[in-house]
Amino acid sequence: MGTPYAEVIGDPVEHSKSPLIHRFWLEKLGIEGDYRATRVAPDALGDFLRARASDPDWRGCNITIPHKEAALSWAASLSPAAAEAGAVNTLVPVSGGLAGFNFDVDALAADVLPKAQEAASMEQAVIVIGAGGAARAVLQILRNVPTLDIAILNRNRARAETLLHDFALAGAALPLDARLPPAGLVVNASSLGMTGYPPLEIDLSPAGRPTVYDLVYAPIETDLLRQARQRGLATFDGLTMLIGQARLAFERFFRLPPPQGTEPELRELLTR
Ligand code: NAP
């Protein structure tokens, strides 16, 4: 037996922060193990996973663009979040094949679900900005909250309407410059505010005192979060979900939870 290892697979994959996170925890825990980034072309996914599944040192992989949906068909079993999302972000070898998980959804749910439940109980809306893949994960969580009022703001309003329809949710599909309704939670699941994209120009004041979650993690301190903090609102930044999903995957790969109390150091490493 060689050194146990896990990895992130994608195409491209060089941008992934997962190796930094997992190696940081491996080192902190003194585990002899490795975590790599491996470029896998779409047509090579099946052969790749077959070969890895027969490698006794392989502990599994995280999956990034463009394999999240395709990898689903290689899983012998699926977690509820992966089955519901129709996408996996982690595969782990188990007896009988590969187990598929969607820890992106699980990590997001840990923070979004309680805030959305609170909003519903106070008859406040949840506002989602964006209608792409990340917004889909948010709606997957929101659909578990009965009687929730949802507003999706998106450049392409038809896409927001499709999203509401796909999740059988009643809600409003609004343009990006719509006045915000009173809300308990605002989630930016669009690319706006991300390095290389236009800024997210939004006025939080009509929303009242919502918790603000920005999924953008480059930069960490977005204009949206800055505005929220200036208003004294509770916030979550994009690293929360990134680190949260990595935590869940690490525990599956290496059979130990990541070390406690090291998050400030990890965050510093990720923003360097
Ligand atoms: P996606 O599927 O490509 O969707 C992009 C969204 O941004 C769409 O709603 C799109 O609007 C909007 N958008 C893009 N460019 C725009 C522009 N120039 N003007 C107005 N709207 C624009 O991307 P995604 O996978 O959902 O990712 C969205 C963001 O979430 C990214 O910043 C990503 O890094 C972040 N994210 C973070 C995590 C994490 O762990 N923190 C995980 C996943 C994603 P249209 O529908 O009108 O095109």
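Indexing begins at 1, ligand by ligand and atom by atom, following the structure's order. Every value quoted in this text rests on a predicted model; they were computed, and no experiment measured them.
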- request: Applying side-chain contact (heavy atoms from CB on, under 4.5 Å) between I141 and each of V112, D111, D106, report the one that passes.
  value: V112
Would you check if there is a donor-acceptor pair between the side chains of [Y] and [X] at a distance under 3.5 Å?
X    : Y    : result
D214 : T222 : yes
T90  : R252 : no
Y213 : D237 : no

So which of [options] gets nearest to [atom], if we judge by its closest heavy atom?
atom                    : options          : value
atom 11 (O) of ligand 1 : N154, L242, D104 : N154
atom 20 (C) of ligand 1 : L192, T240, T222 : L192
atom 38 (C) of ligand 1 : L200, I65, L215  : L215
atom 7 (O) of ligand 1  : P199, S191, P198 : S191
atom 8 (C) of ligand 1  : Q245, R159, R155 : R159

Relative to the heavy atoms of [X], which atoms of ligand 1 are at a distance of less than 4.0 Å?
X    : answer
A131 : 9 (O)
V216 : 32 (O)
Y197 : 15 (N)
N156 : 46 (O), 47 (O)
G130 : 9 (O)
M194 : 31 (C), 32 (O), 34 (O)

Protein heavy atom at shortest distance from [atom]:
atom                    : result
atom 27 (O) of ligand 1 : A134 CB, 4.0 Å
atom 28 (C) of ligand 1 : A189 O, 3.4 Å
atom 42 (C) of ligand 1 : M241 CE, 3.6 Å
atom 29 (C) of ligand 1 : S190 O, 3.3 Å

- prompt: Would you call E7-R39 a salt bridge at under 4.0 Å N-O?
  reply: no
NZ or CZ of R36 within 45° of Y5 ring axis and under 6.0 Å: yes
- prompt: Could you state the interatomic distance from CG (L270) to CD (E265), rounded to the nearest 0.5 Å?
  reply: 11.0 Å
field: Separation of E69 CD from I63 CD1 (nearest 0.5 Å)
entry: 11.0 Å
- prompt: Any N/O of G238 closer than 3.5 Å to an N/O of ligand 1?
  reply: yes
query: Hey, what's the ring geometry for Y35 with F253, parallel, tilted or perpendicular (30° and 60° as the breaks)?
result: tilted
- prompt: So, does E32 use its side chain to make a donor-acceptor pair with the main chain of T3 at under 3.5 Å?
  reply: no
Side chain Q227, main chain L204, donor-acceptor under 3.5 Å: yes
query: Any protein heavy atom sitting closer than 4.0 Å to atom 3 (O) of ligand 1?
result: no
